[in-house]
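Notes for the one structure printed next.
Only this structure's heavy atoms are used, side chains among them; waters, hydrogens and symmetry mates stay out. This is a predicted model, so every value here is computed, not measured. We number each residue from 1, following the sequence as shown.
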Amino acid sequence: MTQDNYIKTLYNEPLLEQRADPYIYKHKDGYYYFTASVPEYDRIILRKSKTIKGIKDAEEFVIWRKHDSGTMSRNIWAPEIHYIDGAWYIYFAAGKAENQWDIRPYVLECKELDPINGRWKELGKMQCAEEDEFSFRAFSLDGTVFENNGKYYYIWAEKVGVGKKISNLYIAEMEKPWKLKTVQVMLSTPDYDWERRGFWVNEGPSVLKHGERLFLTYSASDTGANYCMGMLYANKDSDLLDPRSWIKSRHPVLSTDKEKGIYGPGHNSFTKSEDGTKDIMLFHARQYEEIVGDPLFDPNRHTLAMEIHWDDDGMPVFEYQKQFSE
């Protein structure tokens, strides 16, 4: 099956086509800023809109393009836009023309008010703490940033081991937007069968705050129909650098649903509705299962949206909905 003959349902209508690893940020100016991986993996794009649905038809701007060679010249993946201490930052992963799988995390900075028309400066590779001998030495990607109790934290995925290697999730406190303050701490490794299909993978972390808890969602397994979302959670006042503060869900919170025509959901981000009362998640998925060739080079991972509901215990409920309501 291909993009041309997939089964359309009430659930798999994209917010935006061919935009994977979607990241959305609601700024204090009232605009939503959106970025994502493009199928060519050659540039970083931004859109802005007063509404989430408006992202679909918003003009898309290219704010940075890959280098011709050396660092940041291949596989421009999973950009995220953040606003920290009065400046804009984009965190993304990239490889090299000489070795496209030599993936590392990089940072861009814009000190102007408008991130679309402002000038972006390359800050180079994300820096680890001085005493950290391990972080970003191997295949590293999907960095995300969040603030809690006045401190900023960076969570990312990094592959370790031999052979096919294993992609784990790590966390560290940040010293500044492009450098870590503490050595890495591993939060999660692919423990369960649903995290080990095709590849042993934990990646694509994203943080949602609700009540007294922090919820950390992530993606697992290979990037085809096996791709799915897991979750950890912790008390917001706990030591977030202590792995014992985090509880890992035994089962995925979101996975392929053939009846609804959604395959390989994952790599999500969270935001608030326009009125600030609802938690909204963007994620990517395909509308068909069979993929010709490498799933990474199938362009049809589309951005979808859903509203997060909450149960009586204050836990998030991830349910495919017939339509996205703002």
Mind listing the closest non-hydrogen atom pair of Arg137 and Glu133 along with its distance?
-> NE-O, 3.4 Å
Heavy-atom donor-acceptor pair, Ser245 side chain to Asp239 backbone, under 3.5 Å = yes
Does Glu59 reach the side chain of Ile116, with side-chain heavy atoms less than 4.5 Å apart?
-> no
Considering residues, nucleotides and ligands other than Lys272, do more than 12 of their heavy atoms fall under 6.0 Å from its NZ?
-> yes
If you group Ile, Leu, Val, Met, Phe, Trp and Tyr by side-chain heavy-atom gaps below 4.5 Å, do Tyr25 and Phe270 land in one group?
-> no
Sequence neighbours excluded, which residues qualify as side-chain hydrogen bond (donor to acceptor under 3.5 Å, both in side chains) partners of Arg74?
-> none
Short side-chain donor-acceptor distance under 3.5 Å, Tyr152 and Asp85 | no
Which residues satisfy the side-chain hydrogen bond (donor to acceptor under 3.5 Å, both in side chains) test with Asn117, sequence neighbours excluded?
-> Asp114
Output yes when a side-chain donor or acceptor of His284 lies under 3.5 Å from a complementary backbone atom of Thr303, and no otherwise.
-> no
For Thr189, the side-chain hydrogen bond (donor to acceptor under 3.5 Å, both in side chains) test, sequence neighbours excluded, returns Asn168
Taking only residues two or more places apart in sequence, or in another chain, which ones meet Trp64 in a ring-ring contact (aromatic ring centres under 6.0 Å, His included)?
-> His67, Phe92
Do Tyr91 side-chain atoms and Leu141 backbone N/O form a donor-acceptor pair below 3.5 Å?
-> no
Count the heavy atoms of every other residue, nucleotide or ligand shown that sit under 6.0 Å from NZ of Lys176, and state whether that count exceeds 12.
-> yes
Side chain to side chain, Pro190 and Ile166, heavy atoms closer than 4.5 Å = yes
Ser188 and Lys248 side chains, donor-acceptor separation under 3.5 Å | yes
Would you kindly say whether Glu173 and Thr182 are connected by a side-chain donor-acceptor distance under 3.5 Å?
-> no
Quick one: are Pro316 and Val253 in side-chain contact, heavy atoms under 4.5 Å?
-> no
Are the side chain of Glu112 and the backbone of Arg119 linked by a donor-acceptor contact shorter than 3.5 Å?
-> yes
Dump the intermediate steps for side-chain contact (heavy atoms from CB on, under 4.5 Å) on Gln184 and Asp132, then the final yes or no.
-> CA-CA 7 Å; Gln184 61 163 255; Asp132 188 341; 4.0 Å; yes
Phe318 reachable from Phe215 in the ILVMFWY side-chain graph, under 4.5 Å edges = yes
For Tyr227, the rest of its hydrophobic cluster, which grows through side-chain links under 4.5 angstrom | none
Sequence neighbours excluded, the answer for side-chain hydrogen bond (donor to acceptor under 3.5 Å, both in side chains) partners of Glu158 is Ser140, Trp156
Test side chain to side chain contact (heavy atoms under 4.5 Å, CB included), reference Arg286, set Asn12, Thr256, Ile291, output is Ile291
When you measure from the side chain of Lys66 to the backbone N and O of Gly95, does any donor-acceptor pair fall under 3.5 Å?
-> no
Would you say the side-chain atoms of Ser167 and Glu203 include a donor-acceptor pair closer than 3.5 Å?
-> no
To the nearest 0.5 Å, how far apart are CD in Glu98 and OG in Ser73?
-> 5.5 Å
Could you tell me which residues satisfy ring-ring contact (aromatic ring centres under 6.0 Å, His included) with Tyr263, sequence neighbours excluded, listed by chain and number?
-> none
Does the side-chain contact (heavy atoms from CB on, under 4.5 Å) test come out yes or no for Phe136 and Leu180, once each step is laid out?
-> CA-CA 11 Å; Phe136 317 135; Leu180 304 183; 3.8 Å; yes
Could you pull out the closest heavy-atom pair between Ser221 and Asn226, with the gap in Å?
-> CB-O, 3.7 Å
Short side-chain to backbone donor-acceptor contact, Gln321 and Glu307, under 3.5 Å = yes
State which residues pass ring-ring contact (aromatic ring centres under 6.0 Å, His included) with Tyr83; sequence neighbours excluded, sorted by chain then number.
-> His27, Trp88
Drop me the distance from Tyr23's OH to Glu80's CD, to the nearest 0.5 angstrom.
-> 5.0 Å
Partners of Glu60 by salt bridge (charged side-chain N to carboxylate O under 4.0 Å, His left out), sequence neighbours excluded?
-> Arg19, Arg47
Any Leu15 side-chain heavy atom under 4.5 Å of Phe34 side chain | no
Worked verdict on Asp279 versus Met281 for side-chain contact (heavy atoms from CB on, under 4.5 Å) = CA-CA 7 Å; Asp279 292 294; Met281 183 178 83; over 6 Å; no
Please answer: with hydrophobic residues joined when any side-chain heavy atoms are less than 4.5 Å apart, are Phe61 and Ile81 in the same cluster?
-> yes
Backbone of Gln287 reached by a side-chain donor or acceptor of Asn300 within 3.5 Å = no
Other ILVMFWY residues reachable from Val183 by side-chain steps of under 4.5 Å | none
Give a yes or no on whether the backbone of His251 and the side-chain of Ser249 come within a donor-acceptor separation of less than 3.5 Å.
-> no
Report yes or no: does Asn268 contribute a side-chain atom to a donor-acceptor pair with the main-chain N or O of Phe283 at less than 3.5 Å?
-> no
Could you tell me whether His82 and Tyr154 have their ring centroids closer than 6.0 angstrom?
-> no
Go through the steps for Glu290 and Val292 under the test side-chain contact (heavy atoms from CB on, under 4.5 Å), then give the verdict.
-> CA-CA 7 Å; Glu290 297 179 12; Val292 177; over 6 Å; no
Considering only Ile, Leu, Val, Met, Phe, Trp and Tyr, and joining two whenever side-chain heavy atoms are under 4.5 Å apart, list the other residues clustered with Phe146.
-> Tyr153, Ile155, Leu169, Ile171, Val185, Leu187, Tyr192, Trp194, Val207, Leu214, Leu216, Tyr218, Leu232, Leu240, Leu241, Trp246
Kindly indicate, with the supporting measurements, whether the criterion salt bridge (charged side-chain N to carboxylate O under 4.0 Å, His left out) is fulfilled by Lys179 and Glu130.
-> CA-CA 10 Å; Lys179 185 177 181 179; Glu130 301 297 338; 2.5 Å; yes
Going hydrophobic residue to hydrophobic residue with side-chain gaps under 4.5 angstrom, can you get from Met229 over to Leu208?
-> yes
Could you check if a side-chain atom of Ser219 sits within less than 4.5 angstrom of a side-chain atom of Val201, using non-hydrogen atoms only?
-> no
In short, salt bridge (charged side-chain N to carboxylate O under 4.0 Å, His left out) pairs touching residues 204-223 with sequence neighbours left out are Glu147-Lys209, Glu212-Lys236
Value rounded to 0.5 Å, distance of NZ in Lys165 from CZ in Phe199 = 13.0 Å
Lys181 atom NZ, over 12 foreign heavy atoms within 6.0 Å | no
Within the side chain of Lys50, is there an N or O that forms a donor-acceptor pair under 3.5 Å with the backbone of Glu274?
-> no
Nearest 0.5 Å, what's the CD1-CD1 distance between Ile90 and Ile44?
-> 5.5 Å
Is there a chain of hydrophobic side chains (I, L, V, M, F, W, Y, each step under 4.5 Å between heavy atoms) that links Val160 to Met126?
-> yes
d(Leu123 CG, Leu108 CG) to nearest 0.5 Å is 7.0 Å
